[in-house]
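Down below is the structure, laid out as structure tokens.
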Amino acid sequence: MTKTILITGGSRGIGEAIVRLAAGKMNVAFTYFTSEQRALKLQDELKDFGVLAVRCDVRDKNSVLNALDTVKARFGHIDILVNNAGIACDGVFIDLSDEAWQDTFATNVDGVFHMTQAVLPDMLSRMSGSIVNISSVWGVSGASCEVAYSASKAAVIGFTKALAKEVAPMGVRVNAVAPGAIDTDMMHVYSDEDIAALCQNSIPLGRLGTAQEVAEAVLFVAQNAYISGAVLPVDGLLS
Ligand code: NDP
């Protein structure tokens, strides 16, 4: 039977690459938030594969529940959930505003909580399911001037490891992928010079990663039946 994957934040970057890679292999639903035109264009481009785009703000539990109703009305149940939607938050810690801290956690952590709690009951009752959370290398090692982001992504790792143990006996696997510096809009706030210096000085493999490379890792860990609680780095050895 054809599996169904739901990817949050599929309108751009890593999420879009996962949508493209999964299309044709399984039923694909993805959420977007502000990038409606891009999302609808992607849905249209992949219409032969029946890809579904749904608007959703992962910070808002009701928005998540509404989006999930739409996906389930189309595809029935969800086999694979990828919690990819996320935002960056840069700046020195002493200048970090309450709003920036809260929005980072609302998106990167509450978003994972809302979507997982909404999808999980069906997986548990079916004794089958796979969840992949997109963390970050900074959630493992921490980044200077990215305290809120690093803390939020570390929270995603703790969430992943704990939930993996809790639901393994019910046949559900939970993993994280921890990308390094990946060439998406999120990196485009940095100048070409900054990126060249990063690649030369801090990434032993000498270049940014691609969204496609992360997408391949996500689908691998999502589908391997004996991996759970893992945090898979896709980082060119950035640390
Ligand atoms: P992008 O900025 O390219 O895309 C972010 C995606 O998240 C968009 O689809 C966006 O939707 C969605 N999104 C943002 N806020 C919300 C929200 N409140 N509700 C729903 N969706 C939302 O990021 P990347 O593709 O680079 O990043 C994807 C994931 O990978 C993130 O979790 C990020 O933290 C992580 N990551 C990225 C790295 C990188 O170097 N790029 C490195 C390590 C981790 P829309 O555009 O429709 O608003």
Side-chain angles (χ1 to χ4, degrees), residues 6-21 29-43 53-68 71 81-90 99-100 102-115 118 132-143 146 148-157 159-160 176-190 194-195 198-199 202-203 207-215 217-218 231-236 238-239:
L6 169 60
I7 301 141
T8 66
S11 49
R12 295 187 283 123
I14 291 168
E16 177 183 347
I18 303 167
V19 170
R20 289 184 182 281
L21 195 61
F30 73 91
T31 73
Y32 62 92
F33 178 35
T34 58
S35 304
E36 183 162 51
Q37 281 194 340
R38 282 189 70 148
L40 297 182
K41 194 163 166 251
L42 183 62
Q43 176 183 247
V54 186
R55 188 175 182 282
C56 173
D57 177 356
V58 294
R59 298 170 300 182
D60 174 355
K61 192 164 194 157
N62 285 328
S63 176
V64 166
L65 293 173
N66 289 337
L68 198 57
V71 176
L81 167 66
V82 182
N83 284 308
N84 165 77
I87 56 170
C89 180
D90 302 333
E99 291 73 22
Q102 282 154 9
D103 200 34
T104 304
F105 270 72
T107 308
N108 296 357
V109 185
D110 296 3
V112 174
F113 166 63
H114 291 148
M115 191 53 89
V132 182
N133 300 318
I134 309 300
S135 177
S136 163
V137 62
W138 301 140
V140 180
S141 59
E146 296 197 42
Y149 183 76
S150 301
S152 73
K153 292 299 186 178
V156 169
I157 291 174
F159 177 105
T160 300
V177 168
I182 308 301
D183 189 8
T184 69
D185 293 347
M186 198 171 267
M187 288 298 296
H188 295 163
V189 294
Y190 300 105
D194 285 347
I195 289 179
L198 176 75
C199 292
S202 306
I203 306 178
R207 63 171 176 85
L208 299 183
T210 66
Q212 168 82 15
E213 287 164 335
V214 180
V218 169
V231 181
L232 178 62
V234 186
D235 61 9
L238 172 65
S239 60

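In this text, all values refer to a predicted model and were calculated from it rather than measured experimentally. We're numbering straight along the sequence, starting at 1. All values below come from the heavy atoms of this structure, side chains included, with hydrogens, waters and symmetry mates left out. Just so you know, ligand 1 is whichever comes first in the structure, and atom 1 is the first atom listed for that ligand.
Among protein heavy atoms, atom 28 (C) of ligand 1 sits closest to N84 OD1, 3.2 Å. The protein non-hydrogen atom at the shortest distance from atom 13 (N) of ligand 1 is A85 CB, 3.9 Å. For atom 19 (N) of ligand 1, the nearest protein heavy atom (residue, atom name, distance) is V58 N, 2.9 Å. The protein non-hydrogen atom at the shortest distance from atom 9 (O) of ligand 1 is S11 OG, 2.8 Å. Among protein heavy atoms, the minimum distance from atom 10 (C) of ligand 1 is reached at R12 NH2, 3.8 Å. Nearest non-hydrogen protein atom to atom 34 (O) of ligand 1 is Y149 OH, 2.6 Å. In this structure, the protein non-hydrogen atom closest to atom 25 (O) of ligand 1 is I14 N, 2.8 Å. Shortest contact from atom 46 (O) of ligand 1 to any protein heavy atom: S35 OG, 2.5 Å.
A donor-acceptor distance shorter than 3.5 angstrom exists from the side chain of N108 to the backbone of I87, with no hydrogens or angles considered. Between the S135 side chain and the K153 main chain, a donor and an acceptor come within less than 3.5 Å of each other. In terms of modelled atom types and a separation under 3.5 Å, the side chain of T31 and the main chain of G9 share a donor-acceptor contact. A side-chain donor-acceptor contact under 3.5 Å links S150 to the backbone of A143. Under a 3.5 Å cut-off, the side chain of T8 and the backbone N or O of A85 do form a donor-acceptor pair. Between the side chain of S141 and the backbone N or O of V137, at least one donor-acceptor pair lies under 3.5 Å.
With a 4.0 Å heavy-atom cut-off, ligand 1 is reached by the side chain of T107 but not by its N, CA, C or O. With a 4.0 Å cut-off on non-hydrogen atoms, E16 does not touch ligand 1 at all. When non-hydrogen atoms are compared, ligand 1 lies under 4.0 Å from the backbone of A181 (N, CA, C, O) but not from its side chain. Contacts between T184 and ligand 1, counted as non-hydrogen atom pairs separated by less than 4.0 Å, involve the side chain only. The proximity of C56 to ligand 1, defined as any non-hydrogen pair under 4.0 Å, is limited to the backbone. Heavy atoms of M187 found under 4.0 angstrom from ligand 1 belong exclusively to the side chain. At a heavy-atom cutoff of 4.0 Å, ligand 1 is contacted by the backbone of S135 but not by its side chain. Residue contacts with ligand 1 for I87 involve side-chain atoms from C-beta outward but no N, CA, C or O (heavy atoms, distance under 4.0 Å).
Looking at G15 next to ligand 1, no N or O pair under 3.5 Å apart turns up. Any N or O atom pair closer than 3.5 Å counts here, and F33 shares at least one such pair with ligand 1. The distance criterion of under 3.5 Å between nitrogen or oxygen atoms is not met by S136 with respect to ligand 1.
Residues A176 and T160 come closest through the heavy atom pair N-CG2, 3.5 Å. Minimum heavy-atom separation, A148 to F105: O-CE1, 3.7 Å. In plain terms, the two heavy atoms of D235 and I203 that are nearest each other are O-CG2, 4.1 Å.
Between T31 and ligand 1 there is no heavy-atom distance shorter than 4.0 Å. Under a 4.0 angstrom heavy-atom cut-off, T8 registers as lying outside contact with ligand 1. Ligand 1 does not have W138 within reach: every non-hydrogen atom of the residue lies 4.0 Å or more from it. The closest approach between any non-hydrogen atom of A106 and ligand 1 is not below 4.0 Å.
When each of L238, T184, I195 is checked for a side chain to side chain contact (heavy atoms under 4.5 Å, CB included) with L208, only I195 meets the rule. Checking I134, L232, V234 one by one against V218, the side chain to side chain contact (heavy atoms under 4.5 Å, CB included) holds for a single residue, I134.
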Q | side chain to side chain contact (heavy atoms under 4.5 Å, CB included) between Y32 and L42, worked out | A | CA-CA 11 Å; Y32 62 92; L42 183 62; over 6 Å; no
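With ligand atoms numbered from 1 in the order given, ligand 1 contributes 31 (C), 32 (O), 33 (C), 34 (O) to contacts under 4.0 Å with heavy atoms of K153. Annotation for ligand 1: atoms under 4.0 Å from non-hydrogen atoms of I134 are 29 (C), 30 (O), 35 (C). For ligand 1 and G86, the ligand atoms under 4.0 Å from any heavy atom of the residue are 5 (C), 7 (O), 14 (C), 31 (C), 32 (O).
Separating the OG atom in S11 from the CD atom in E16 is a distance of 8.0 Å, to the nearest 0.5 Å.
For atom 27 (O) of ligand 1, the nearest non-hydrogen atom from the set M186, M115, R55 comes from M186. Comparing heavy-atom distances from atom 48 (O) of ligand 1 across I182, V19, T34 singles out T34 as nearest.
Electrostatic pairing of K61 and D110 does not count as a salt bridge here, judged by no charged N lying under 4.0 Å from a carboxylate O.
Using a 4.5 Å cut-off on side-chain heavy atoms (C-beta onward), L198 and Y190 make no contact. Between L21 and Q212 there is a side-chain heavy-atom pair separated by less than 4.5 Å.
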